[in-house]
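Bear in mind that the values here come from a model prediction, so they are computed numbers and not experimental data.
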Protein chains: 6
Amino acid sequence: MERPRFFEDYETGEERHTTGRTITETDFVVHAGHTGDFFPHHMDAEFMKTQPFGQRIAHGTMTFAIGIGLTASEINPHAFTYGYERLRFPKPVFIGDTIHTVLTVSAVEDDPKRPNHGRIVETCRVMNQRGEVVMACDHVLLAERRSPAA
Amino acid sequence: MERPRFFEDYETGEERHTTGRTITETDFVVHAGHTGDFFPHHMDAEFMKTQPFGQRIAHGTMTFAIGIGLTASEINPHAFTYGYERLRFPKPVFIGDTIHTVLTVSAVEDDPKRPNHGRIVETCRVMNQRGEVVMACDHVLLAERRSPAA
Amino acid sequence: MERPRFFEDYETGEERHTTGRTITETDFVVHAGHTGDFFPHHMDAEFMKTQPFGQRIAHGTMTFAIGIGLTASEINPHAFTYGYERLRFPKPVFIGDTIHTVLTVSAVEDDPKRPNHGRIVETCRVMNQRGEVVMACDHVLLAERRSPAA
Amino acid sequence: MERPRFFEDYETGEERHTTGRTITETDFVVHAGHTGDFFPHHMDAEFMKTQPFGQRIAHGTMTFAIGIGLTASEINPHAFTYGYERLRFPKPVFIGDTIHTVLTVSAVEDDPKRPNHGRIVETCRVMNQRGEVVMACDHVLLAERRSPAA
Amino acid sequence: MERPRFFEDYETGEERHTTGRTITETDFVVHAGHTGDFFPHHMDAEFMKTQPFGQRIAHGTMTFAIGIGLTASEINPHAFTYGYERLRFPKPVFIGDTIHTVLTVSAVEDDPKRPNHGRIVETCRVMNQRGEVVMACDHVLLAERRSPAA
Amino acid sequence: MERPRFFEDYETGEERHTTGRTITETDFVVHAGHTGDFFPHHMDAEFMKTQPFGQRIAHGTMTFAIGIGLTASEINPHAFTYGYERLRFPKPVFIGDTIHTVLTVSAVEDDPKRPNHGRIVETCRVMNQRGEVVMACDHVLLAERRSPAA
């Protein structure tokens with residue numbers, strides 16, 4: 001659904017929680033096939049029994065892609081992605097874990113080079129069913145201003 | 001294939017080029033279905049005819065997942081991902097573009113908190129068939145040392 | 001396989017049973033990705049533990065698509081789908097259920113507007129391994145007549 | 001996103017338009033693989049060149065599944081599907097067509113057997129980029145009442 | 001559909017033609033993802049422009065899997081696969097080619113080691129829309145005898 | 001990764017072991033959908049409970065496609081597939097089995113018809129986690145000679 005918002009409409013501290021999604025063995029197989037990364041950490045249950053985690057762990061790129069995908073329920077035609085910072089994977093995601101994403105606006109800043117836009121930093125935390133953060137990053141958006149910065 | 005390398009084996013400036021991969025309409029559809037992001041920028045050809053790019057553009061998360069996936073040909077059992085920094089998408093990826101990834105070791109550093117590991121920074125650039133960078137980021141690895149840092 | 005049949009060849013009461021198919025977690029994930037419906041009823045095992053069914057339930061659209069798909073073993077070049085009526089889902093389909101479809105010709109009727117065709121109503125019942133009907137509908141076909149209705 | 005609505009909150013005539021989605025050759029292949037229906041109408045471009053439409057046409061079950069899937073952006077915890085009526089496919093969907101769905105509340109009715117619920121009929125029309133209706137049906141919902149019917 | 005046949009029911013020279021199937025770019029991408037074979041011959045359109053074929057060519061394993069899959073319309077509960085011989089790929093399969101399979105019973109033989117079964121050799125030829133053989137092999141089946149060999 | 005090797009570089013007896021891959025229910029479903037083979041042996045868990053194996057078994061075409069796919073980590077630009085011989089499936093593959101492939105060069109031979117190439121026979125054995133061979137075949141390659149055969 002569309003939800004048009006200008007730079008001036010964002011406030012530091014606002015928070016959004018997505019629905020949850022159970023990460024399945026299917027997602028592991030689809031992601032390997034989509035990216036070409038068939039490393040045994042993700043694909044070889046026998047090998048992983050001999051490793052500290054004891055089981056297959058999700059690709060970091062999958063946790064990122066699905067974690068960010070979960071937030072794709074609102075389209076803001078006035079904003080676009082500038083980039084991502086400080087992408088980390090503090091805990092592994094296992095088959096059967098259920099994740100959701102929490103977005104928090106952590107900064108609303110002028111962009112010295114772009115008088116018609118401002119920078120929004122959304123801190124993204126992907127959480128599992130045990131309340132652990134399995135991925136964190138800062139999503140930097142550029143949002144149009146209603147009126148140019150002075 | 002396994003290619004074991006310790007921290008001491010990495011050298012600033014070393015470069016690796018992956019094989020190429022043509023990004024197809026199928027990849028767009030698979031990625032939308034995998035992540036749940038069906039935004040019209042990726043999925044609605046009619047809408048995109050009315051926009052500046054004139055056609056559907058790839059999800060940033062897909063360019064990241066496939067761009068990094070292309071590098072997954074060598075397994076180093078002595079290294080693991082710490083995180084990613086400065087992820088940017090300077091140009092869009094269109095259906096039919098062929099991408100490959102160039103990895104350059106841009107830093108080989110002590111890690112003050114981990115005497116048995118060192119930090120490797122691999123700058124990743126995903127390039128299209130016109131030689132344009134469509135994605136860039138810094139991949140930070142922790143690699144085991146052959147002998148602990150003094 | 002082709003099995004050409006004219007309107008006159010259908011008889012009320014004739015019945016066809018398809019082979020069975022186990023509905024897997026993969027089918028749930030594929031269907032969500034194919035349709036864009038990631039509602040927690042289908043995708044969030046933790047949420048569903050708190051609900052009356054206690055587990056994820058199949059999309060109705062999937063039970064329909066696979067239940068009808070199971071019948072696609074005979075091509076009749078003289079008939080085509082007019083539509084479906086009274087589509088109902090009396091019981092949920094869970095991961096691991098095995099379904100098959102029973103088709104019964106429940107009506108063979110003139111079509112007042114189409115002298116060269118007649119209407120066939122096939123009642124479709126999708127059954128699970130416990131003998132329960134999980135989906136029912138009437139499939140209305142138009143079949144060519146060998147000779148036009150008087 | 002959740003949007004809780006009771007029976008009393010629905011009004012005849014209210015309308016909702018979904019985002020658009022281009023139906024790709026990939027969707028045809030995925031749907032055949034998902035349902036097991038590989039009939040040449042959907043899968044054999046050479047055969048279809050010899051037929052009136054001149055090209056492959058979408059499975060009806062796919063137009064239904066994706067057309068309904070497009071509406072899955074709002075979760076109403078107070079309503080659930082009772083069934084579908086009068087499902088029709090007035091025009092074929094071709095590879096490359098872009099569809100969206102228009103939902104119109106066409107009836108808001110007491111349900112004589114269920115004093116705590118009422119019946120909502122949503123007429124669904126799936127439209128292509130030429131403004132043609134490619135699928136139509138009535139989606140019947142049961143919605144909880146705020147207060148039981150007198 | 002089930003079609004039970006004993007060894008004695010097979011005759012040298014009998015032939016079966018499957019329906020056709022257009023091999024799409026999607027099939028290339030799905031097969032790469034399913035098998036993990038992302039060789040540039042199948043996946044890199046730019047590289048293949050510089051090669052004699054001028055375009056991407058199908059994986060041999062895909063032509064085999066789909067070519068044999070096309071024959072899976074009749075289940076014979078009295079027969080099972082013993083193996084395949086002389087698998088060859090005389091011509092490449094390109095994106096957009098339409099293939100079908102021709103099965104010819106080329107031998108019906110006693111199996112000296114198995115008095116209750118006999119050997120059936122089905123020669124499989126996968127043909128494209130230009131009438132060229134793109135794959136050939138001998139499928140060896142063991143079929144139950146109605147009565148043991150003398 | 002590219003690893004260019006001429007005919008003269010191959011030696012009888014050399015062996016290569018691939019990484020392992022756990023065959024999942026997802027792979028069964030993907031393969032059925034990719035090939036159109038939905039036979040109950042692969043897809044109907046209830047039926048298979050009544051059969052000697054007690055559970056679903058992998059398609060032979062899948063064991064072949066994935067078993068060969070596992071070997072696709074080295075590209076030799078000087079060699080290409082001539083065909084496969086003696087493809088056998090001595091044991092079934094079940095959901096959850098982990099397979100890897102062992103390649104052994106079993107013959108290095110002149111090709112009387114092709115003075116610029118020689119024949120390499122690679123015996124492929126796909127093994128499960130119990131050390132059983134689940135598939136075997138001979139892969140025949142033609143490799144360019146550094147200098148034509150005398």
**Study point:** 4.5 Å side-chain heavy-atom contact, T19(B) and D44(E)
**Key:** no
> Is the count of non-hydrogen atoms from other residues, nucleotides or ligands lying under 6.0 Å from F53(E) atom CZ greater than 12?
Replying inline: no
| Any donor-acceptor pair under 3.5 Å linking the side chain of T22(B) with the backbone of A45(E)? | yes
Neighbour count >12 (heavy atoms, 6.0 Å) for atom CD, E15(B) | yes
NE2 of H100(B) to CD of E46(E), rounded to nearest 0.5 Å, is 11.5 Å
Answer key: most heavy-atom pairs under 4.5 Å with chain E among T24(B), D27(B), I99(B), V30(B) is T24(B)
Exercise. Could you tell me whether E2(E) atom CD has more than 12 heavy atoms of other residues or ligands within 6.0 Å of it?
Key: yes
